[in-house]
Amino acid sequence: MKSLKLISSAIAMLICFVTMAQQRTITGTVTDENSIALPGVNVYIQKTKTAATTDFDGKYSIQAQKGDILVFSYVGMNTQTVTVQDSNIINITLKESGNQLQEVVTVGYGTSKSRKKMVKESRMMAQGKVSSLQISSNSQYTPAPNVSMPASESAAPKNEPMYIVDGVPIKADQMAKINPNDIDDVKVLKDESAASIYGSKAANGAVIIATKKGLYKNLSEQELDKKLNIIRPNPTLPTQEDYDTFVENAFESPKTAPLSTFSIDVDNASYTNIRRFLNSGQEVPKDAVRVEEMVNFFKYNYPQPKNEHPFSINTEYSDSPWNSQNKILKIGLQGKSIPTNDLPSSNLVFLIDVSGSMEDMNKLPLLKQSMKILVNELRPTDKVSIVVYAGAAGMVLPPTSGNEKKTIIKALDQLEAGGSTAGGAGIELAYKIATENFIKGGNNRVILATDGDFNVGSSSNSDMEKLIEEKRKTGVFLTCLGYGMGNYKDSKMEILADKGNGNYAYIDNIQEANRFLGKEFKGSMFAIAKDVKIQIEFNPKQVQAYRLIGYENRKLRPEDFKNDAIDAGELGSNHTVTALYEIIPAGVKSDFLNVQPDDLKYTKTETNSANYSNELATIKFRYKKPDGDKSIEMVQVINTKSVSLNQASDDFKFSTAVAWFGLKLRDSKLITDKSSESIAELAQQGMSFDKGGYKAEFIRLVETSERYN
């Protein structure tokens, strides 16, 4: 009897939905506080699954009726609600949120509905309260674009009910496409009842639908999509993407290799690129993972410098979370924060790739929106030029004052993609314009925006390296912005940034553009120190072996440390840089050590460390002022004091969790514990200082990565 009532209630609800009052189309545009359009905003009617997503121009369209409450949700922004009245146009401005992400999940170029809410709805249905379940042929909640689930995930995702039609497990968006007139029977099973029949995948309940003619019986997922007219974008395979291969740093003995020397790295392109793969449901290529760039994507709570130097030095020594007998030494630099009014004037040249490979929506269209964010940060004393290249290079905007924002934006809007990819001519012209308009003591910078698929000379990479090293001598800095997927050339972008007094970011969506070019404009565009090098000498009395985690393509020879002709990384205003060393303490037996013979005559190194028993290492830094040619040295001694991982700082816990995840993605042979659950737990313990919600987003990526890696 109860079952009949439940079925009747469900069918009555469906009929009610089909025959409800006529709805009308509500349209509008969603922007941020800077009037920048926000694509991928989730727009839905409260207490229903009727939803839409804003397009690349921030525009949306949704069916609603008077009295409906529209909810506008976007990662990093405050959620806003509006009640539909008489107007058919509702424009929304979302404000930045200072809270951690809790109710939205970043997915490529959009957001998905909170899974917590889905659980709540499924449990209401399990109790017979099915009023929240709505099915329509033209209004439904759909996942954001660029999210592709493997076929093996056809059953209910984690924390969602299982949906079954004609005996076939389906997804929520498939169910929402089913014509209500075709439905013959609806049953809703409680958690326990569903699990007893369908197993653990139905642990949160099951919605079982039978159609009148068994229309969907025995169909595959692809056949079901075709019949329901659901088009899913095929994830672009990274077969044509290019990444430099490198070998993970091994453990070294301080007796045979007493010095470890490397350049700092403030790039974070690797992390956003990895995020793109995970959000698209793809396996992450191992060579796309640069652990130091993952760690340095995040900001840490280091103190401001208190002396004449442009950055503070902060160290911490604690336990390794992945190898229990080892230790981790964290080295953190905090760049001095310079007030915007005190920043030097900028001479910027936008070098934009408009070749045919840039026509995709996540390339030139996203690029133009990104540059508008940067333009919004300009002051009247700043100036911008725009150079483009395809088959040839040309200047489309001469040096223009920062207060002529409409003129600059108009020039950006007129750009279109087409032609070949001769990047060398573009680089030559951009640096020529930058040097002709050089501001002494100012911020002179070329900003290259491309998918990296371009040629310089006959042997692209070597010729490009020579060209950019020559241009570095002009005193003009370089920022590389990478866009797109499928044919993305990360290796070329890395060379440009490494060799050209530069930094490098991968822009996977408009949110990342807003972070890098808006919120972190000062750190991204204004160098306070250049050619920053680190050299550390470990005490063999305390350290049996050490290894630098990441920075494989930033390592230097010991003699390069004092050689001012050797290029190194740049540090921006208020930037943080973090480096991690894994240490095998003296006396610890380890499977990661190559046993060295102790009876060698000529290679045995005698050490006189009797007076340094409390010292773990001595660390030295060298840097130049942005317009300087001679380096300045700083020295600091690190003592052996260690704290347990439980007592370590939040920064230590989170940075090591990020490094741990990177090592796992690279399938490192030097970590024993590869549990995603343990990584996420450690990151959760260290999740503070998370104004933009990026650390919370990282935890979600770790938790979902098991599906694809």
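This one's a predicted model, so the numbers in the text were calculated from it and none came from an experiment. What you see below is based on every heavy atom in this structure, not just the backbone, and it leaves out hydrogens, waters and symmetry mates.
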Peer 1: Quick one: does any side-chain atom of Gln535 pair with a main-chain N or O of Pro558 as donor and acceptor, under 3.5 Å?
Peer 2: yes
Peer 1: Under 3.5 Å, is there a donor-acceptor pair linking the side chains of Asn539 and Glu615?
Peer 2: no
Peer 1: Just jot down the side-chain hydrogen bond (donor to acceptor under 3.5 Å, both in side chains) partners of Lys674, sequence neighbours excluded, or say none.
Peer 2: Asp667
Peer 1: Minimum heavy-atom separation for Pro305 to His309, with atom names?
Peer 2: CB-O, 3.6 Å
Peer 1: Nearest 0.5 Å, what's the CG-CD distance between Asn323 and Gln325?
Peer 2: 9.0 Å
Peer 1: How long is the gap from CD1 on Ile699 to CG on Leu682, to the nearest 0.5 Å?
Peer 2: 9.5 Å
Peer 1: Return the orientation label for the Trp322 and Trp660 ring planes: parallel under 30°, perpendicular over 60°, tilted otherwise.
Peer 2: tilted
Peer 1: Assign the ring pair Phe311 / Phe621 to parallel, tilted or perpendicular, where the plane angle (0 to 90°) is split at 30° and 60°.
Peer 2: perpendicular
Peer 1: Quick one: list whatever passes side-chain hydrogen bond (donor to acceptor under 3.5 Å, both in side chains) with Asp265, sequence neighbours left out.
Peer 2: Arg554
Peer 1: Does Lys695 make a cation-pi contact with Phe654 (under 6.0 Å, within 45 degrees of the axis)?
Peer 2: yes
Peer 1: Regarding Asp242 and Ser491, do their side chains bring together a donor and an acceptor under 3.5 Å, going by distance alone?
Peer 2: yes
Peer 1: Please confirm whether the backbone N or O of Ile328 pairs with a side-chain atom of Ser320, one donor and one acceptor, at under 3.5 Å?
Peer 2: no
Peer 1: Distance check, rounded to the nearest 0.5 Å: Thr450 atom OG1 versus Tyr488 atom OH?
Peer 2: 8.5 Å
Peer 1: Above 12 or not: heavy atoms from other molecules or residues under 6.0 Å from CD of Glu677?
Peer 2: no
Peer 1: May I ask you to check whether Gln542 and Asn614 show a side-chain donor-acceptor distance below 3.5 Å?
Peer 2: no
Peer 1: Quick one: sort the Phe592 and Phe251 rings into parallel, tilted or perpendicular, breaks at 30° and 60°.
Peer 2: parallel
Peer 1: Looking only at side-chain N and O atoms, does Thr656 offer a donor or acceptor that is under 3.5 Å from a partner on Lys330?
Peer 2: no
Peer 1: Report the residues that fulfil side-chain hydrogen bond (donor to acceptor under 3.5 Å, both in side chains) with Glu248, sequence neighbours left out, ordered by chain and then residue number.
Peer 2: Arg547, Ser668
Peer 1: Distance alone, cut at 3.5 Å: any donor-acceptor contact between the side chains of Glu252 and Ser260?
Peer 2: no
Peer 1: Is it true that the side chains of Arg622 and Ser631 contain a donor and an acceptor less than 3.5 Å apart?
Peer 2: yes
Peer 1: Assess the side chains of Asn249 and Tyr581: does a donor N or O sit below 3.5 Å from an acceptor N or O?
Peer 2: no
Peer 1: Can you tell me if Ser524 uses its side chain to pair, donor with acceptor, with the backbone of Phe516 under 3.5 Å?
Peer 2: yes
Peer 1: Is it true that the side chains of Thr245 and Asp287 contain a donor and an acceptor less than 3.5 Å apart?
Peer 2: no
Peer 1: Looking at Phe661 versus Phe698, is the centre-to-centre ring distance below 6.0 Å?
Peer 2: yes
Peer 1: Is the ring pair Phe297/Tyr271 parallel, tilted or perpendicular, if the boundaries are 30 and 60 degrees?
Peer 2: tilted
